[in-house]
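As the structure lists them, so they are numbered: ligands from 1, and atoms in each ligand from 1. Since we're looking at a predicted model, the values are computed, not measured.
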Amino acid sequence: MSKSLILGVSLLLCTSCSTPSVDKEMDAYIDALMGKMTLREKLGQMNLPTGGDLETGTIKNSGMSEAIRKQEVGGILNVKGVEKIYQLQRIAVEETKLGIPLIVGADVVHGYETIFPIPLAMSCTWDTMLVQKAARIAATEASADGVSWTYSPMVDICKDARWGRIAEGGGEDPYLGSLISAAYIKGYQGEAMKNNDEIMACVKHFAFYGASEAGRDYNICDMSRNRMYNDYMMPYKAAVDAGVGSIMSSFNTVDGIPATANKWLLTDLLRGEWGFDGFVVTDYNSIGEMRSHGYADIKEASVKALLAGTDMDMVTHGFLNQMEEAVNNGLVDEKDVDKACRRILEAKYNLGLFDNPYKYCDSIRAKTEIFTAENRKAAREIAAQTFVLLKNENEILPLDGKKRIALIGPMADQQNNMCGTWSMGCPTDKHVTVLQGLKTALGDKATIRYAKGSNIYFDEQTEKDATGVRPIKRGDNKALLKEAMTVAQASDVIVAAVGECSEMSGESASRTQIQIPDAQRALLEQLVSLGKPVVVVLFTGRPLDLTWETTNVDAILNVWFAGSEAGDAIADVLLGKVNPSGRLTTTFPRSVGQVPIYYNSMRTGRPDDVDKHFNRFVSNYIDERTSSLYPFGYGLSYTKFEYGNMSISTEEMPMTGKLEVSVPVTNTGNLDGYETVQLYIHDLYADVVRPIKELKGFKKVFIKKGQTENVTFKITADDLKYYNSELKYVADPGEFDVMVGPNSADLQVKKFILK
Ligand code: BGC
């Protein structure tokens with residue numbers, strides 16, 4: 001039913017107002033609509049069942065059509081296909097009293113059918129325009145297939161490689177994470193969701209889910225306000241500032257209260273301090289799970305969630321089934337239900353669904369706009385920019401000119417393992433593997449021979465758990481190795497495609513051992529023993545402990561999970577068509593015992609400034625160095641960049657003034673390439689202890705071989721602000737270090753004073 005049909009008389013009233021604002025029109029429209037709704041119908045709007053095409057918990061909902069007919073459904077999630085969605089929308093609009101359209105949600109996390117690299121990889125481009133472009137394409141494809149709402153971006157800052165969901169976020173840094181967060185929102189929502197290829201974003205998981213204790217998924221998290229405000233909050237806030245339409249509360253506790261029932265979080269902070277005016281949806285069964293949390297049974301949990309500021313209940317049916325009684329018993333005022341229902345109706349209004357409920361149900365678009373050659377080309381180009389070259393001894397890469405290549409490893413030719421987490425909805429039979437990519441690119445210029453080489457793990461059950469719904473056919477490990485050694489012996493260079501398989505990161509994929517799985521490590525050891533150059537093409541959704549590989553192989557190209565076009569993109573980089581330019585946004589530890597490890601740590605009273613050997617009574621380890629294996633911001637190129645001396649415009653900067661920092665960077669190698677010049681600051685003494693360095697700016701510059709680029713940055717007092725002990729956002733006068741360089745561990749320093 002269209003807006004005017006639902007609204008009838010009240011639309012006339014509204015249009016007669018003198019120059020009504022959009023909000024006034026919306027308010028009048030929703031007032032009129034809600035005036036006709038019963039309490040149960042309002043609760044129906046606040047109910048979000050799953051269609052079951054993908055489930056991420058034990059709860060399953062059934063009888064969708066009937067529930068919609070009974071007006072018990074406000075939105076649906078994870079129903080795939082425009083035809084199915086159209087049928088459900090038609091019931092909502094044409095077979096109910098109110099005809100309110102559904103909002104249709106899905107986890108379009110890094111692409112819809114054209115899959116882009118996992119978000120952690122995307123962040124390694126340090127290029128917000130690329131992130132925005134990928135999100136734009138994802139929104140175009142998803143909207144062409146009926147989706148109006150995506151559960152993305154996930155912006156949880158994470159410093160713990162054990163947590164599988166580190167793959168879904170933008171790394172460990174709040175500054176970069178915020179820029180990326182805003183870029184996703186712009187990409188998905190476009191021009192305020194006006195057009196039919198623009199969808200509503202849902203930033204998640206609010207809040208602090210990335211700090212799940214011990215890196216174990218669904219675990220609690222506990223942290224100080226200082227840390228919340230200074231380290232974790234910014235990317236969520238950036239999404240709010242960018243106009244995100246919705247926000248998903250997280251599974252974890254915040255101050256001992258499940259986030260979904262935390263009023264301070266969802267109302268005082270989110271709406272009060274930040275002015276968020278969209279709606280809050282729970283995560284999958286978060287209301288129901290409050291019972292297992294030991295917090296509240298479903299009745300009480302539903303009430304607490306609503307009163308805390310939750311508007312929509314994902315799959316529990318707590319609002320729908322518990323709230324009438326709660327209102328009747330006076331535990332909840334109907335006005336609180338009204339608030340939540342209104343926010344959901346506003347979202348539908350803003351999406352334009354009342355004007356055209358079938359805005360996203362265009363079957364022609366579904367046939368012509370998904371997985372197009374153009375989208376795939378963009379995905380291939382973007383994928384190549386996410387790869388991080390970790391090591392390249394003797395410039396073994398690129399492989400151009402090598403005549404006999406052995407491609408070995410269980411990740412080398414696995415179509416169902418190229419995309420990583422949150423890509424289950426897409427058909428994998430068109431995904432390009434490394435073997436296919438290399439074969440296409442090489443033609444008859446070189447021979448390429450392939451052998452699987454090993455299983456993922458020696459142990460069958462561990463492998464089953466690791467591969468989950470994307471099993472990889474197992475072979476006899478000894479036979480696989482034998483075949484691989486024969487192939488390797490007849491080659492000039494060995495390319496080993498190894499690492500994690502898709503399901504080893506993402507939701508419910510925590511690990512305590514973060515090395516390359518045992519069978520693959522054993523394979524690498526054998527390959528290395530041949531004395532031929534070994535290049536590791538590393539598949540992973542998290543930082544791994546690569547200490548052994550760093551010592552023993554010649555080159556490591558970290559390709560993460562690069563999406564549907566991964567194989568071609570990997571070939572582009574291995575063969576030198578594209579010069580790698582990714583820079584880490586997450587610290588790679590030397591061993592799992594260092595975790596959580598991150599570049600912007602606080603200085604302790606007994607810092608380990610030596611980092612070479614053990615020193616008693618300083619903050620270090622007996623059996624491990626303190627520094628990381630590969631620091632935040634790190635990444636190599638096929639060319640070389642040399643930094644000249646940095647200079648600053650002044651050593652004394654007034655509060656209202658500015659400081660200019662500049663550094664000449666020369667491409668001294670033989671290829672053109674991108675360098676990401678990074679700027680960090682350190683507030684030496686403050687009201688609360690500040691990190692030893694904090695990223696405050698970066699420039700990704702393309703420098704032709706032999707050329708020098710003078711890279712400049714401007715710092716103002718705004719860049720020096722932090723939340724003090726009273727949680728006020730201030731810049732303190734005093735001493736600062738300003739640093740520039742190619743990564744967080746290789747920096748030149750100058751001092752200045754903020755007056
Ligand atoms: C995840 C969310 C996701 C939701 C819906 C949950 O288990 O934590 O990130 O959006 O499922 O699929």
Side-chain angles (χ1 to χ4, degrees), residues 47-61 64 73-80 103-112 118-120 135 138 142 147-158 163-170 181 184 188 199-212 215-221 235-236 239 244-254 258-260 279-290 292-293 310-317 420-426 468-469 503 505-510 541:
N47 192 33
L48 176 69
T50 169
D53 283 351
L54 174 73
E55 271 140 10
T56 52
T58 48
I59 295 291
K60 298 192 193 315
N61 303 139
M64 181 80 87
V73 177
I76 52 177
L77 83 129
N78 292 334
V79 174
K80 184 142 195 283
I103 185 167
V104 178
D107 288 284
V108 184
V109 173
H110 51 117
Y112 187 69
I118 53 169
L120 183 59
V147 172
S148 46
W149 182 32
T150 176
Y151 305 127
S152 173
M154 187 281 217
V155 301
D156 303 323
I157 294 289
C158 180
W163 194 52
R165 302 198 78 169
I166 194 171
E168 297 177 47
S181 171
Y184 274 111
Y188 291 133
I199 61 179
M200 184 171 285
C202 181
V203 68
K204 67 190 187 185
H205 305 85
F206 196 57
F208 321 122
Y209 187 25
S212 277
R216 207 180 72 223
D217 210 359
Y218 314 122
N219 204 357
I220 62 137
C221 89
Y236 307 112
V244 69
S246 65
I247 193 158
M248 187 185 290
S249 58
S250 53
F251 286 128
N252 53 277
T253 49
V254 174
T260 301
F279 75 97
V280 175
V281 61
T282 73
D283 202 345
Y284 203 95
N285 194 31
S286 290
I287 292 183
E289 286 173 15
M290 284 194 228
S292 318
H293 254 308
T310 301
D311 304 308
M312 196 177 229
D313 163 7
M314 189 189 287
V315 311
T316 304
H317 286 54
T421 182
W422 290 124
S423 52
M424 289 310 296
C426 57
V469 291
E503 300 278 303
S505 60
E507 186 169 352
S508 185
S510 297

Heavy-atom contacts with [X] under 4.0 Å: which atoms of ligand 1 show up? List them by number with element.
| X | value |
| --- | --- |
| Tyr151 | 10 (O) |
| Lys204 | 2 (C), 3 (C), 9 (O), 10 (O) |
| Asp283 | 1 (C), 2 (C), 3 (C), 4 (C), 6 (C), 7 (O), 8 (O), 11 (O) |
| Asn78 | 12 (O) |
| Leu77 | 5 (C), 12 (O) |

With sequence neighbours excluded, residues passing ring-ring contact (aromatic ring centres under 6.0 Å, His included) with Tyr112: none
Restricting to ring-ring contact (aromatic ring centres under 6.0 Å, His included), what partner residues turn up for Phe208, sequence neighbours left out?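 With neighbours one apart ignored, the set is empty.
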Sidechain-backbone polar pair: [X] side chain, [Y] backbone, donor-acceptor under 3.5 Å:
| X | Y | value |
| --- | --- | --- |
| Thr316 | Gly288 | yes |
| Asn78 | Thr50 | no |
| Thr150 | Met200 | no |
| Tyr209 | Ser249 | no |

Contact (N/O only, under 3.5 Å) between [X] and ligand 1:
| X | result |
| --- | --- |
| Arg165 | yes |
| Asp107 | yes |
| Tyr209 | no |
| His205 | yes |

Does Met248 reach ligand 1, in the sense of a heavy atom lying below 4.0 Å from it?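 Met248 counts as a contact of ligand 1 under the 4.0 Å cut-off.
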Do Trp149 and Phe279 have ring centres separated by under 6.0 Å? yes
